[in-house]
Asker: 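Got a structure here, written out as structure tokens. Questions coming.
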Amino acid sequence: MVWPSSYGRIRLFRDEEVLSLDYVPERLPHREKQLSELFSIFSPILEKPGSAARRVLITGNIGTGKTVTAKKFGELIQLEAQRRGLEFHYVHVNCRIQRGSFFHVLLKAVRHLKPSFPGRGFATHELLSALLDALDESDAYMILTLDDMEALVDKCGADPFYDLSRAHDDRTGGPYRLSLICILRDPDKLEKLDPATRSTLEEYVIHMPDYTKEQLFDILMDRVRLAFYEGAVREDVVEFIAEIAAPRGDARYAIELLWRAGKLAELEGQAEIMPEHVRRARAQVWPVEKDVLKALPLHAKLFLLAIARVFKFTDEAYISMGEAEDTYRMVCEELGQEPRKHTQVWKYVQDLAKLQLISTRPSGQGYRGRTTLISLYSIPAEELERELSTLLSKELEVEVN
Ligand code: ADP
Ligand code: MG
């Protein structure tokens, strides 16, 4: 049934909340395998509480369900622990939101057990002890998830992981109460850690592959049923959205397209989302998708800034890889960064193309030798430059003009 609102407009949305980023749906199509992997890794903790602690690393691109899968797992394991009469806490902390501060990450975990724990007067290592003591006191177990762990590595390097991996050292034989799930988009970040710390983190790795078009379709259909009134979104329109999002394999982008297309249709008083709404949603979503830029590794940002600068002043549709790299080296010099080697830069080019920030094609004839030609995808160069300058100023704590 389509329900008219008090303004006489047709309503499409039954429950818009279902399309928000934080929503954890009942089921997670195409992440069943990863969920059951998590269960088997953590099963000793339920079977023989205190006998072991686990450290798991979850990797994958943006929108591959890293966050939602971890949260779902947290919900489920907490229920199972409760059924077994265990005092068990799943705590999900986003390191980026905590500005990469290990202190604030730990404070969140401690406050989960002791809500009025003071935010001052403690050193970081004291907070870690306080956390373990609080777990001891209530004979409890915890899985602490460090989401967007990049932020923590960037700010604190290896120290937090070293400390966490040694947390139980003074109690051989247990009880081991604190386990970790680390969520990381860019595995290159691990290179910043020393080999010993790194290997403790890489003991169990779960990778979330990009979603295919068919998988995105399934994910979207679940949301359509919950978010919209019947008849508001045709299956072929859902398929269209899945197809647009497929090159990025990103469920976040797919769901955002669906939501925006719905808003556009609603605004026009339409009872149904049409392909044209999806196309307009796409045009709206892309240029402002700032999260994608923010999450890029530093040197991918620098390379993109270089390209934006070139395209600001040229009418050419494409520039050569060589020209792009020259400008990239200039940008690095200007900002006091050691330029990455060609093979690494080439990897960034491929990643940026995959994210549809740039597009690439072989040079073909007319160029001396073979090279790759690079074009800026859909963001105006000037806007991209402004956005990247702001991000880089913050990241490098220097003025970028
Ligand atoms: P990541 O943390 O990898 O960037 P998220 O977990 O935030 O990705 O997922 C992005 C969006 O897509 C969220 O709204 C999430 O609920 C949804 N999503 C991702 N994977 C699935 C899935 N398998 N089933 C249902 N929804 C999903
Ligand atoms: Mg996430």
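Bear in mind that the values here come from a model prediction, so they are computed numbers and not experimental data. Side chains are part of it too, since the values below use all heavy atoms of this structure and drop only hydrogens, waters and symmetry mates. Numbering of ligands and ligand atoms starts at 1, following listing order.
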Asker: Please work out which of Val68, Val18, Thr64 has its closest non-hydrogen atom nearest to atom 6 (O) of ligand 1.
Answerer: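 Nearest heavy atom to atom 6 (O) of ligand 1 lies in Val68.
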
Asker: Would you mind checking which non-hydrogen protein atom is closest to atom 23 (N) of ligand 1, with the distance to 0.1 Å?
Answerer: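 Here the nearest protein heavy atom works out to Pro29 O, 2.7 Å.
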
Asker: N/O of Gly63 under 3.5 Å from N/O of ligand 1, yes or no?
Answerer: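 Yes; the residue has a nitrogen or oxygen that sits under 3.5 Å from a nitrogen or oxygen of the ligand.
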
Asker: Does Glu16 come within less than 4.0 Å of Lys263, counting only side-chain N to carboxylate O?
Answerer: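 Result for this pair is yes, salt bridge flagged.
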
Asker: Should we say atom OH of Tyr204 is surrounded by more than 12 heavy atoms from elsewhere, each under 6.0 Å from it?
Answerer: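 More than 12 heavy atoms, drawn from other residues, nucleotides or ligands, come within 6.0 Å of this atom.
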
Asker: Report the nearest protein non-hydrogen atom to atom 20 (N) of ligand 1: residue, atom name, distance rounded to 0.1 Å.
Answerer: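 For this ligand atom, the closest protein heavy atom is Tyr211 OH, 2.7 Å.
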
Asker: Can a cation-pi geometry be assigned to Arg14 and Phe228, taking NZ or CZ under 6.0 Å from the six-membered ring centre and within 45° of the ring axis?
Answerer: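 No; the conditions do not both hold, so Arg14 does not lie above the ring face of Phe228.
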
Asker: Which of the atoms in ligand 1, numbered in the order shown and given with their element, are less than 4.0 Å from a heavy-atom of Tyr23?
Answerer: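 Contacts of ligand 1 toward Tyr23, numbered from 1: 16 (O).
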
Asker: Taking Thr67 as the fixed residue, which of Asn94, Asp147, Thr145 is the one that meets the side-chain hydrogen bond (donor to acceptor under 3.5 Å, both in side chains) rule?
Answerer: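 Exactly one option meets the side-chain hydrogen bond (donor to acceptor under 3.5 Å, both in side chains) with Thr67, and it is Asp147.
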
Asker: Are Tyr211 and Arg31 close enough that a side-chain donor and a side-chain acceptor fall under 3.5 Å?
Answerer: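 Arg31 and Tyr211 do have a side-chain donor-acceptor pair below 3.5 Å.
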
Asker: Below a 4.0 angstrom heavy-atom separation, can you tell me which part of Arg223, side chain or backbone, both or neither, approaches ligand 1?
Answerer: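 Looking at Arg223 and ligand 1, just side chain atoms fall under 4.0 Å.
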
Asker: For ligand 1 and Ile62, I'd like to know whether there is a polar contact (N/O to N/O, distance under 3.5 Å).
Answerer: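 Such a contact does not occur with ligand 1.
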
Asker: Please check whether Gly65 reaches ligand 1 - meaning an N/O of the residue sits under 3.5 Å from an N/O of the ligand, judged on distance alone.
Answerer: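 Min N/O separation from ligand 1 is below 3.5 Å for Gly65.
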
Asker: Minimum distance, heavy atoms only, to atom 12 (O) of ligand 1: which one of Ala251, Ser20, Gly60 is it?
Answerer: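 Answer by nearest heavy atom: Ala251.
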
Asker: When you measure from the Mg ion (ligand 2) to the N, O or S atoms of Asn94, does any of those distances fall below 2.8 Å?
Answerer: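 Here the distance criterion (N, O or S atom, under 2.8 Å) is not met by Asn94, so no.
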
Asker: Arg31 heavy atoms, cut-off 4.0 Å: which ligand 1 atoms fall inside?
Answerer: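 In order of number, 23 (N).
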
Asker: We want to know whether His277 and Glu268 form a side-chain donor-acceptor pair, criterion being a heavy-atom distance below 3.5 angstrom.
Answerer: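 Yes, a side-chain donor-acceptor pair sits under 3.5 Å.
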
Asker: Would you mind running through ligand 1 and noting each atom that sits below 4.0 Å from a heavy atom of Ile255?
Answerer: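 Checking each atom against Ile255, I get 12 (O), 14 (O), 17 (C).
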
Asker: How are the rings of Phe117 and Phe122 set to each other: parallel, tilted or perpendicular (split at 30° and 60°)?
Answerer: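 Correct class here is tilted.
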
Asker: If you measure every N or O of Thr67 against every N or O of ligand 1, does any of those distances drop under 3.5 Å?
Answerer: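 Between Thr67 and ligand 1 (N or O atoms, distance only) the closest approach is under 3.5 Å.
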
Asker: Can you name the atoms of ligand 1, numbered from 1 with element, that are less than 4.0 Å from a heavy atom of Asn61?
Answerer: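 In order of numbering, the contacting atoms are 3 (O).
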
Asker: Give a yes-or-no answer on whether the side chains of His299 and Gln344 include a donor-acceptor pair shorter than 3.5 Å.
Answerer: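 The answer is no; no qualifying pair exists.
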
Asker: Around atom 7 (O) of ligand 1, find the nearest protein heavy atom and jot down its residue, atom name and distance.
Answerer: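 Result for atom 7 (O) of ligand 1: Arg252 NH2, 3.6 Å.
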
Asker: Test the Arg177-Tyr141 pair against the cation-pi criterion, namely NZ or CZ under 6.0 angstrom from the six-membered ring centroid and within 45° of the ring axis.
Answerer: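 Ring-cation test returns yes.
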
Asker: Using ring pair (Phe, Tyr, Trp, His ring centres under 6.0 Å) as the criterion, point out the one residue from Phe73, Tyr90, Phe88 that pairs with Phe42.
Answerer: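 Testing each of Phe73, Tyr90, Phe88 against Phe42, the sole residue satisfying ring pair (Phe, Tyr, Trp, His ring centres under 6.0 Å) is Phe73.
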
